[in-house]
Amino acid sequence: MRRVAILGAGQSRFGKRTDVRLDELAWESFREAMVESGVTQRDIDSFIVSTLGGWSAEVLPAVVVGEYCGLTPKPTMRVEAACASGSAAVYQAYTMIASGHAEVVSVIGVEKMSESSTPTTVELIGRAGNYFWEFENYGMTFPAYYALYASSYMNRYGATEEDLALVAVKNHYYGSFNPKAHFQRRISVDDVMKSIYVADPLKLLDCSPITDGSATVILASEESVKKFTNEPVWIRGIGAASGTANLSKRDNFLGLEAARKAADDAYKQANIERPISKLDLVEAHDCFTIAEVMAYEDLRLVERGEGYKLIKEEQTYKGGKIPVNLSGGLKAKGHPIGATGVSMIGELSKQLLGRIGGERQADIKHGWALAHNVGGTGHYAYVTILSLDKNGDVL
Amino acid sequence: MSEQSIPIIKDEKTGSEVYVSKRILEQRYLIPISRIKDFFDNLKDGKVTATKCKSCGTIYFPPKADCDRCMSSSMEYIELKGEATLVSFTVVRVKPSTFSSFADYAVGIGRMAEGINILAWIDEDLSRIRIGAKMRLVVMSRKVDNTISYFFKILGHE
């Protein structure tokens, strides 16, 4: 297997982007990634588009994006793994390059959620599980699925709604420094506690927003990297797993088994034994505040039941044991489904290279970072590990 | 929208001009149930049943026609006793558009005496629901939409 590196990344401004169509939105991030990497359409062998869709007009987003971005007739496909579609697309591009089938592949994640009304979008995301057995008669919503985990977790470990709110406060804090974030205002625990209940115990400010956005990364083989950059970021491990469609099929509601499996697999590939002492930062899938707390545990940053204490002690802020979501996370940066994983991986590559700057720039001591991207409610999980070094440790 | 021929309006929130598609699609699924029809016949008779593989004994809920463990498709239906313990629950307040006519509803996961979990609504005063509660799974017709399905009722608390 060949090594695979990230040559460049781009991201559109996230938010309610009624000013652009899907293809125009995709172009914003694709253009930025081409500029950063020095890659042009001519250099790209194939492009993968990650979108969940259903709420936006185009049924064949890959070819619509391809035509707009000047990529026709390169081979393409749409990749779907719900909210982890972006990481799944990166995984696909990675395997194409690692296997020798392609040299340079672009991954374009894009989601245009605001083309449908909010109730329709709530409906469609709520169907993302097992439609027949859990939606048709029982009207589940995406917050409701995660609320089942939040109720169980709080009941078992004694975490409170205020503890969960601390995750939202942190991520909005970092979002306030991110000019591309959907929400750029800080909030307090009180703001979260006063927001309306969406699915008890989760309130509106425990939830990530409905967001439009796009993100692109361009990947290349180790042979092709030097043609474009002296500062590649290497993909050193991608772990993936799935969970049951029916939530009733799960043994417990304290953590996401698929995320744990994906993490263990990725750590093994990257030869990481103590992640908290090796990773400089993490982008975690905080679609809801409870999701970030469970991520701390599923990623083995702390033991089971200790996740909420990590945020209480502010250990996931910059300067703490392990900074998480310096981008603002899904919570404040926004969660344009198919773009989210690509945005995480692109963001981390810029973090490792010191290109973020300012309040959000992590201290890069070891040169390692991790993206934790979950699809649905632990239905899909992808964990991607990035490093500044191709083979061994840096520093 | 005015009488103009190009259907463009201003988005209320952002002020951007958007083209309002005139192609309204109604979508209703026709979902096959032939292979687990007995489950619905039993439900009509007031019984919630799971399938049990005649070859290896694995119990399936939701009911399945095919055993993925031993590849047999020979199933029998077993009636669940209905005894359950509440594992977790939520109250859905912001609802999907097709549930907008319903009052806020509680959804729970019950662990059944048979060792399987079931997700269903909990028919109970919302403020009285606690994890660990003993429940009974019952077949009822829901008033709002006259749909017969299975629901949990709370018996008491541990």
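Order of the sequence lines fixes the chain letters, A, B, ..., with proteins taken first and strands second; residue numbering starts at 1 for each chain.
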Distance (rounded to the nearest 0.5 Å) between A/Glu134 CD and B/Leu119 CG: 4.5 Å
Option that, when pairs with chain A are counted at under 4.5 Å, heavy atom only, ranks first among B/Pro63, B/Gly110, B/Ser100, B/Gly15: B/Pro63
Heavy-atom proximity to chain B below 4.5 Å, by part of A/Tyr197: both
Check: A/Arg250 and B/Asn117 side chains under 4.5 Å, non-hydrogen atoms: no
From CD (B/Glu17) to CG (A/Asp19), nearest 0.5 Å: 12.0 Å
B/Tyr29 and A/Tyr131 aromatic ring geometry - parallel, tilted or perpendicular at 30°/60° bounds: perpendicular
B/Ile31, part contacting chain A, at a heavy-atom distance under 4.5 Å: side chain
Proximity breakdown for B/Arg23 and chain A, heavy-atom pairs closer than 4.5 Å: neither
Under 4.5 Å from a heavy atom of chain B, the part of A/Asn130 involved: neither
Heavy-atom neighbours of A/Glu306 CD exceed 12 at 6.0 Å: yes
More than 12 heavy atoms from other groups under 6.0 Å of CG on A/Asp251: no
Check: B/Val94 and A/Ile196 side chains under 4.5 Å, non-hydrogen atoms: yes
Heavy-atom proximity to chain A below 4.5 Å, by part of B/Val92: both
Chain A interface, residue from B/Thr98, B/Ile118, B/Val87 that has the most non-hydrogen pairs under 4.5 Å: B/Thr98
Winner by heavy-atom pair count (cut-off under 4.5 Å) against chain B, out of A/Asn246, A/Val198, A/Val122: A/Val198
Ring centers of B/Tyr150, A/Tyr138 separated by less than 6.0 Å: yes
Between OH on residue B/Tyr19 and CD on residue A/Glu115, distance to nearest 0.5 Å: 13.5 Å
Among A/Asp200, A/Leu124, A/Thr118, residue most engaged with chain B (heavy-atom pairs, under 4.5 Å): A/Asp200
Contact origin within A/Thr141 toward chain B - heavy atom pairs under 4.5 Å: side chain
B/Phe99 versus A/Phe135, closest heavy-atom pair with distance: CZ-O, 3.5 Å
Option in A/Ala199, A/Ala147, A/Gly139, A/Pro119 with maximal non-hydrogen atom pairs under 4.5 Å from chain B: A/Gly139
Contacting moiety of B/Ile148, where chain A heavy atoms sit under 4.5 Å: neither
Aromatic plane relationship, A/Phe132 with B/Phe40 - under 30° parallel, 30 to 60° tilted, over 60° perpendicular: tilted
Separation between OG of B/Ser88 and CG of A/Leu254, rounded to the nearest 0.5 Å: 9.0 Å
Value rounded to 0.5 Å, distance of CD1 in B/Ile131 from CZ in A/Arg156: 11.5 Å
Approximate separation, where rounding is to 0.5 Å, of A/Ser114 OG and B/Asp11 CG: 7.0 Å
Test item: B/Pro62 and A/Lys249 side chains (from C-beta on) under 4.5 Å apart, heavy atoms: yes
Under 4.5 Å from a heavy atom of chain B, the part of A/Asn137 involved: both
Ring centers of A/Phe253, B/Phe89 separated by less than 6.0 Å: no
Most contacts with chain A, counted as non-hydrogen pairs under 4.5 angstrom, among B/Val91, B/Thr14, B/Val18, B/Val107: B/Val91
